[in-house]
Amino acid sequence: MFKASFITLFPEAFPGPLGVSILERARKEGLWSLETVDLRPFGIGKHRNVDETPAGGGAGMVLRPDVAAAAIDSLDRGGRPLIYLSPRGKPLNQQLAREFAEKPGLILFCGRFEGLDERVIEGRGMMEVSLGDFVLAGGEVAAMALTEAVVRLLPGVAGNEASLSEESFETGLLEHPQYTLPREWEGRGTPEVLLSGDHKRIQEWRFNSAKALTFERRPDLYAAYSKTPEFQAPETGDEHD
Ligand code: SAH
């Protein structure tokens, strides 16, 4: 069973959004489990201090390496990657989420204050992962976002496996626009082709829309996609006519 362990100063933040909907159902079905490890009891002295002023001076506080290591070492790693959520890390994307979904679980260290002493990142071989180019107040939300992206990929968690493979990023493109009932809403109709029942035309429309949207919004993704074999001979396009 996939196991996510969160090392945090705020265990009360969990499970939070991980405790609803498909992730909650999957957890009850035993497809994954979650534990929190409170960093505070590993702190130093009567006050269980976990942080100190930065060497060299400057603003804020830094999490102590000895305290962080004690919390990390209290866990059975069991082949799980040890991740430090950090704006300096490797940016999280769908491919990385897929890689993590192959693992027996994750250990996620949630930073606070100015972050974690560099020596424990090195000494415990932590992998730094970032949610994006912005700064959060702590690693908890980032750890939850990563866990949600990974757990929904585990076999049996998402109801419809096919819907996963057609999603944004899975094909290298953003997803096509979606429509549902009513067929007309506030004067806006539904593209005629989607009501045609012609599966081949629908596939083609979705593929072309996805390409156009990606080209417009994410030229970086489009450039990478244009180098793939699917772009040269698209599965849905070349069988047409
Ligand atoms: N001084 C640090 C930011 C500290 S923010 C710097 O400039 O890099 C406090 C904590 O929030 C970090 O230790 C990290 O765990 C978390 N955090 C902040 N932004 C994040 C992001 N974009 N991705 C992942 N974790 C983040």
Side-chain angles (χ1 to χ4, degrees), residues 2-19 23 32 34-44 47-75 77 80-101 103 105-153 168-169 174 217-218 220-221:
F2 187 94
K3 184 172 181 184
S5 302
F6 301 90
I7 303 172
T8 172
L9 277 172
F10 300 98
E12 66 273 23
F14 296 85
L18 302 179
L23 267 74
W32 74 290
L34 163 154
E35 77 174 342
T36 54
V37 178
D38 189 352
L39 188 60
R40 185 62 64 187
F42 296 96
I44 307 292
H47 298 292
R48 300 277 169 242
N49 283 332
V50 297
D51 56 325
E52 281 298 339
T53 54
M61 301 296 275
V62 175
L63 289 166
R64 294 176 58 120
D66 48 354
V67 172
I72 292 164
D73 296 345
S74 76
L75 287 169
R77 238 164 115 164
R80 295 181 290 166
L82 173 61
I83 296 167
Y84 171 46
L85 285 309
S86 156
R88 305 183 319 182
K90 182 172 178 171
L92 177 62
N93 61 23
Q94 194 65 12
Q95 191 196 326
L96 193 55
R98 284 233 170 255
E99 285 170 29
F100 288 147
K103 307 288 184 191
L106 299 171
I107 299 173
L108 302 127
F109 191 100
C110 306
R112 280 278 156 181
F113 318 119
E114 292 311 314
L116 192 50
D117 187 297
E118 190 70 17
R119 292 167 294 176
V120 68
I121 300 174
E122 291 171 11
R124 289 297 179 273
M126 299 174 90
M127 175 182 184
E128 293 185 65
V129 176
S130 170
L131 205 59
D133 292 343
F134 46 84
V135 181
L136 297 165
E140 286 77 11
V141 166
M144 287 186 210
L146 193 165
T147 302
E148 186 164 312
V150 172
V151 169
R152 68 190 286 282
L153 295 174
S168 292
F169 311 115
L174 302 176
R217 295 189 186 176
R218 293 292 301 273
D220 57 322
L221 288 181

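Whatever order the structure lists ligands and atoms in, that order sets their numbers, starting from 1. Hydrogens, waters and symmetry mates are skipped; everything else that's a heavy atom, side chains included, is used. Residue numbers start at 1 and run along the sequence shown. Treat the numbers as computed from the prediction; the structure is a model and nothing was measured.
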- Item | Distance, nearest 0.5 Å, that separates CZ of R48 from CG of D38 | 11.0 Å
- Message: Quick check: F113 and ligand 1, any N/O pair under 3.5 Å apart?
- Response: no
- Step through the shown structure and confirm whether more than 12 heavy atoms of other residues, nucleotides or ligands are within 6.0 Å of CG on D73. yes
- Around atom CZ of R77, are there more than 12 heavy atoms of other residues, nucleotides or ligands at under 6.0 Å? yes
- Query: If you take all heavy atoms of P81 and G105, which pair is closest and at what distance?
  - Reply: CD-O, 3.2 Å
- Note on the structure: Per-atom filter on ligand 1: closer than 4.0 angstrom to a heavy atom of E114 are 1 (N), 2 (C), 4 (C)
- Shortest non-hydrogen contact between V62 and D117, atoms and distance: CG1-N, 3.6 Å
- Heavy atoms of L221 and F169 approach each other most closely as CD1-CE2, 3.8 Å
- Task: Mark up the atoms of ligand 1 that fall under 4.0 Å of a heavy atom belonging to G139, in ascending order.
- Result: 11 (O), 15 (O), 16 (C)
- Task: May I ask you to check whether V129 has an N/O atom sitting below 3.5 Å from an N/O atom of ligand 1?
- Result: no
- Give a yes/no verdict on whether any heavy atom in G89 is under 4.0 Å from an atom of ligand 1. no
- Query: Do any nitrogen or oxygen atoms of G132 come within less than 3.5 Å of a nitrogen or oxygen of ligand 1?
  - Reply: yes
- For atom 20 (C) of ligand 1, grab the closest protein heavy atom and report residue, atom and distance to one decimal in Å. P87 CD, 3.6 Å
- Message: Can you name the atoms of ligand 1, numbered from 1 with element, that are less than 4.0 Å from a heavy atom of A142?
- Response: 24 (C), 25 (N)
- Query: Does a side chain donor of either T8 or R112 reach within less than 3.5 Å of an acceptor in the other side chain?
  - Reply: no
- Identity and distance of the protein heavy atom lying nearest atom 22 (N) of ligand 1: F134 O, 2.8 Å
- Task: Return a yes/no value for L136: is any of its N or O atoms, backbone included, closer than 3.5 angstrom to an N or O of ligand 1?
- Result: yes
- Item | Sub-4.0 Å atoms of ligand 1 with respect to non-hydrogen atoms of G115 | 13 (O)
- Under 3.5 Å between some N or O of ligand 1 and some N or O of L131? yes
- Does atom CZ of R217 have more than 12 heavy-atom neighbours from other groups under 6.0 Å away? no
- Query: Is the shortest N/O to N/O distance between L85 and ligand 1 below 3.5 Å?
  - Reply: yes
- Item | Closest heavy-atom pair and its distance - A59, E114 | O-CG, 3.6 Å
- Task: Check S86 against ligand 1 and report side chain, backbone, both or neither, counting heavy atoms closer than 4.0 Å.
- Result: backbone
- For atom 7 (O) of ligand 1, decide whether some protein heavy-atom distance is shorter than 4.0 Å. no
- Within the side chain of N93, is there an N or O that forms a donor-acceptor pair under 3.5 Å with the backbone of Q95? yes
- Applying a strict 4.0 Å limit to heavy atoms, is Y84 in contact with ligand 1? yes
